[in-house]
Amino acid sequence: MSWQNYAIQVLSGLAGIGGVAKYLLEELPKEGHQVAAITRSQKPLPKEIIQHITDYSVSHLTKILQDCDAVISCITAHSPDFLDVHLSLLEACKISPKCKRFLPSAWSGNYEEVRDQPLFAGGELEQIYNALRIQSEIKWTLFCQGWMADYLVPSSQRYLDDLGERWVQDYERKTFTLYGNQWQQVDFTAARDAARAVAVLFNHDANDWEEFTCVSGQRLSWRELWEFVKTYDPAYEMKQKSVAQSIKQLMARENDASVAAAMYEIMGNTEALAFPEGKVDRHRQKYFQGLKFRTLAQLVKEAKDNPGKVI
């Protein structure tokens with residue numbers, strides 16, 4: 001059966017309007033989806049985007065979702081009510097007469113095999129996953145794209161905010177931190193490519209969705225990423241950090257930023273950022289035929305060829 005038969009004809013609700021959501025706002029309409037933003041406060045969005053201001057209570061969300069066919073969450077995992085918001089969204093979908101598709105906010109690692117990371121969100125993601133699994137009314141998938149490759153390009157060319165020490169590059173000091181044994185595998189995907197894939201996925205029969213959907217533009221080890229960065233910007237110098245150093249930093253709990261950085265570093269020392277072998281290729285064949293996922297070199301070249309443009 002052709003995927004064109006399953007386009008969202010009315011409205012797709014987008015919860016949480018941050019960097020990832022901005023790519024989705026641009027890419028969803030290209031696949032025929034109308035989009036409404038669901039947010040706690042008014043955002044500076046294009047006039048054609050409907051904005052629903054909400055407290056994320058079930059009763060309020062139920063009213064918002066009554067005209068939606070699907071809801072996509074971009075709520076940050078750092079949010080103190082990350083779990084409660086997702087459980088409310090799921091309950092509102094159950095009550096809604098037509099909003100029966102739900103894409104929770106995962107957006108990164110190999111949650112299929114490593115569901116306890118990142119440490120700041122693993123436990124809550126597991127509870128969300130279990131709540132989804134025990135019901136059958138709502139079709140869902142955890143969409144995973146690994147690390148957003150966009151952190152390699154200037155901040156003016158991405159909607160994603162800088163991560164500070166949570167990312168391997170220090171843009172000001174021109175240093176690159178190599179984790180652990182340097183050879184942990186990581187799947188990287190450009191945010192816009194991931195958003196486009198979500199738009200295409202929502203045009204497939206949701207009965208054909210799997211629990212985990214994986215996309216990737218390129219798989220590299222941290223060492224290979226360092227060699228790539230050094231090639232396109234020779235000014236960078238490398239430093240190394242062991243997993244023991246990251247654990248000690250986490251235990252010291254000097255401040256929120258250092259704790260968050262340590263958690264990301266520990267994640268980078270594990271297999272939590274590389275998808276099951278063969279799954280990316282199988283999902284490209286199943287859902288994303290003809291869709292382009294840029295490599296890191298293609299992404300960086302596009303940024304250099306289009307200065308000032310969000311790529």
Side-chain angles (χ1 to χ4, degrees), residues 16 18-20 74-86 104-130 142 144-152 154-155 158 160-188 191 220-230 233 235-275:
V20 174
C74 299
I75 304 294
T76 175
H78 292 279
S79 172
D81 54 1
F82 179 74
L83 173 61
D84 292 339
V85 166
H86 278 83
S105 183
W107 303 110
S108 54
N110 178 10
Y111 293 115
E112 182 172 2
E113 297 176 328
V114 188
R115 287 201 297 274
D116 56 356
Q117 290 197 66
L119 293 172
F120 62 81
E124 294 187 338
L125 281 167
E126 182 73 9
Q127 292 181 66
I128 294 167
Y129 172 68
N130 289 335
L142 291 179
C144 306
Q145 86 296 306
W147 260 109
M148 296 288 193
D150 305 72
Y151 294 109
L152 288 163
S155 58
R158 52 179 156 87
L160 306 175
D161 294 333
D162 286 348
L163 289 176
E165 293 183 11
R166 289 174 286 167
W167 173 237
V168 290
Q169 288 174 269
D170 184 321
Y171 305 112
E172 293 183 3
R173 295 182 177 86
K174 293 287 184 178
T175 60
F176 183 104
T177 301
L178 268 177
Y179 299 146
N181 70 10
Q182 311 176 19
W183 297 107
Q184 296 88 349
Q185 296 293 301
V186 183
D187 279 294
F188 293 93
L220 293 173
S221 67
W222 292 118
R223 180 75 192 193
E224 290 168 323
L225 179 65
W226 153 245
E227 291 169 353
F228 173 73
V229 169
K230 185 71 172 176
D233 192 342
Y236 270 89
E237 298 292 335
M238 181 260 284
K239 64 178 184 179
Q240 293 181 259
K241 191 168 185 178
S242 70
V243 64
Q245 288 175 297
S246 297
I247 292 172
K248 289 178 181 177
Q249 180 174 317
L250 175 63
M251 293 173 65
R253 308 191 76 84
E254 292 182 358
N255 54 59
D256 290 346
S258 69
V259 168
M263 288 183 180
Y264 275 87
E265 290 164 6
I266 291 168
M267 189 177 186
N269 273 282
T270 71
E271 301 305 314
L273 293 170
F275 299 132

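Start at 1 with the first residue, then count along the sequence.
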Closest non-hydrogen atom pair between [X] and [Y], with its separation:
X: Arg158; Y: Asp161; value: NH1-C, 3.7 Å
X: Asp150; Y: Ala191; value: OD1-N, 2.6 Å
X: Ser105; Y: Leu125; value: O-CD2, 3.8 Å
X: Tyr111; Y: Pro118; value: OH-CD, 3.5 Å
X: Gln127; Y: Leu83; value: OE1-CD2, 3.4 Å
X: Ala106; Y: Leu142; value: CB-CD2, 4.2 Å

Rounded at 0.5 Å granularity, tell me how far [atom1] in [X] sits from [atom2] in [Y].
X: Trp147; Y: Tyr264; atom1: CH2; atom2: OH; answer: 6.0 Å
X: Asn110; Y: Asp187; atom1: CG; atom2: CG; answer: 8.5 Å
X: Lys239; Y: Asp170; atom1: NZ; atom2: CG; answer: 7.0 Å
X: Ile247; Y: Ser242; atom1: CD1; atom2: OG; answer: 8.5 Å
X: Ser258; Y: Met263; atom1: OG; atom2: CE; answer: 10.0 Å
X: Glu237; Y: Lys174; atom1: CD; atom2: NZ; answer: 11.5 Å

What do you reckon, is [atom1] of [X] surrounded by more than 12 foreign heavy atoms closer than 6.0 Å?
X: Glu124; atom1: CD; result: yes
X: Lys248; atom1: NZ; result: no
X: Asn130; atom1: CG; result: yes

Does Asp233 reach the main-chain N or O of Ala235 with its side chain, forming a donor-acceptor pair under 3.5 Å?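 Present.
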Are any side-chain N or O atoms of Gln145 and backbone N or O atoms of Trp107, one a donor and one an acceptor, separated by less than 3.5 Å?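 The answer is yes, because a donor-acceptor pair under 3.5 Å joins these two groups.
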Quick one, [X] and [Y] - any side-chain contact, counting heavy atoms below 4.5 Å?
X: Gln249; Y: Glu265; answer: yes
X: Tyr129; Y: Pro104; answer: no
X: Tyr179; Y: Thr270; answer: no
X: Glu126; Y: Asp116; answer: no
X: Phe188; Y: Leu225; answer: yes

Which residue, Trp226, Tyr236, Tyr171, forms the ring pair (Phe, Tyr, Trp, His ring centres under 6.0 Å) with Phe176?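 Of all the options given, the one that passes is Trp226.
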Derivation of the side chain to side chain contact (heavy atoms under 4.5 Å, CB included) call for Leu119 and Leu250: CA-CA 10 Å; Leu119 293 172; Leu250 175 63; 4.0 Å; yes
Residue pair Arg223, Asn181: steps toward the side chain to side chain contact (heavy atoms under 4.5 Å, CB included) verdict: CA-CA 9 Å; Arg223 180 75 192 193; Asn181 70 10; over 6 Å; no
Side chain to side chain contact (heavy atoms under 4.5 Å, CB included) between Trp222 and Thr177, worked out: CA-CA 9 Å; Trp222 292 118; Thr177 301; over 6 Å; no
